[in-house]
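Some notes on the structure that comes next.
Reckoned from all heavy atoms, side chains included, excluding hydrogens, waters and symmetry mates.
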Amino acid sequence: MNAGVVVFPGSNCDHDAFDALSRFDNVTSEFIWHKDTFTGHYDLIILPGGFSYGDYLRSGAIAGLSPVMQSVKNAAGEGTIIIGICNGFQILCEAGLLPGALNTNKALKFICSDQYLRVEHSNSLFTALYSKGEVVNFPIAHGEGNYTASAEIIEQLERENRILFRYSDKKGNTGPDTNPNGSANNIAGIINTEGNVLGLMPHPERNADLLLGTADGLRLFTSVINSLSEKKVQHA
């Protein structure tokens, strides 16, 4: 299967994402430049973390209008799996592929730390290898990770089980004290209505090897690759 990692000017986690995908023998990965366009070539596309175009206007705002994003939108509409991590999450929201926006952290400071997350359910292709309520540890590193949306959208996300990860403590408790950036309902990661587009602020690609302390993030990528493998078997 083919995977593409989109590179914007200012991306700095593109090689981390590429490295995470390199752990799968059945995945061929390549970088996609932000000025390029493509059709129907990829099974999985990752928008990595970083500071696309310097984030000078607003995080992800310029990248959301870059030439490659029309191809990403087309691919998402065709069912291709899309993962936006940190800056990638911001870009997906700016491009209209996910609802809401990422505002400045409540403390008005950049946060770089390990962070416990509670997995809300395993009924998605991104969390199939986790257990409902399991607590995992992903690094976070952002200045604008405060997820915000209208009350109607938040209610819809909750009702449709589209929240996959919430910020929590080690025991899985959620609330203001376990919410590093002030996100609505402690939201750390959401999916679109169709379930093929994921945006999350924490970095699973930085936690994909036991040498890094835990490999909690690797199971997210393994869940996706397993889903794609099963899909190809069904179509064979």
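Of the N and O atoms on the side chains of Y53 and H34, at least one donor lies less than 3.5 Å from an acceptor on the other residue. N137 and T214 share no side-chain donor-acceptor pair at under 3.5 Å. For the residue pair T178/N186, the side-chain donor-acceptor check at 3.5 Å is satisfied. E144 and T104 form no side-chain donor-acceptor contact under 3.5 Å, judged by distance and modelled atom types alone. For the residue pair N192/E194, the side-chain donor-acceptor check at 3.5 Å is satisfied. Between the side chains of N226 and E230, no donor-acceptor pair of N or O atoms lies under 3.5 Å. For the residue pair S168 and N173, no side-chain donor N or O sits within less than 3.5 Å of a side-chain acceptor on the partner. Side chain to side chain, E120 and N161 fail the donor-acceptor criterion of an N or O pair below 3.5 Å.
Counting heavy-atom neighbours within 6.0 Å of N26 CG, excluding the residue itself, gives a total above 12.
Between F89 and Y147, the two ring planes are parallel [angle under 30°; tilted spans 30° to 60°]. In this structure, F31 and F18 have parallel ring planes: the angle between them is below the 30° cut-off, well short of the 60° mark.
The side-chain hydrogen bond (donor to acceptor under 3.5 Å, both in side chains) test with Q156 singles out one residue from R159, E152, E160, and that residue is E160. Each of I83, T127, V119 was compared with L220 under the side-chain contact (heavy atoms from CB on, under 4.5 Å) criterion, and only I83 meets it.
I85 is not connected to F110 by any chain of hydrophobic side-chain contacts under 4.5 Å among Ile, Leu, Val, Met, Phe, Trp and Tyr, and they are in different clusters.
Using a 4.5 Å cut-off on side-chain heavy atoms (C-beta onward), L117 and P202 make contact.
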Starting from the C-alpha separation in whole Å, work towards a yes-or-no answer on salt bridge (charged side-chain N to carboxylate O under 4.0 Å, His left out) for R118 and D169. CA-CA 8 Å; R118 189 178 73 196; D169 63 14; over 6 Å; no
Is there a side chain to side chain contact (heavy atoms under 4.5 Å, CB included) between L44 and V224 once you walk through the steps? CA-CA 9 Å; L44 166 65; V224 172; 4.1 Å; yes
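Remark: K170 does not engage E134 in a salt bridge, criterion side-chain N to carboxylate O under 4.0 Å. Using a cut-off of 4.0 Å between Lys/Arg side-chain N and Asp/Glu carboxylate O, D216 and R219 are scored as salt-bridged.
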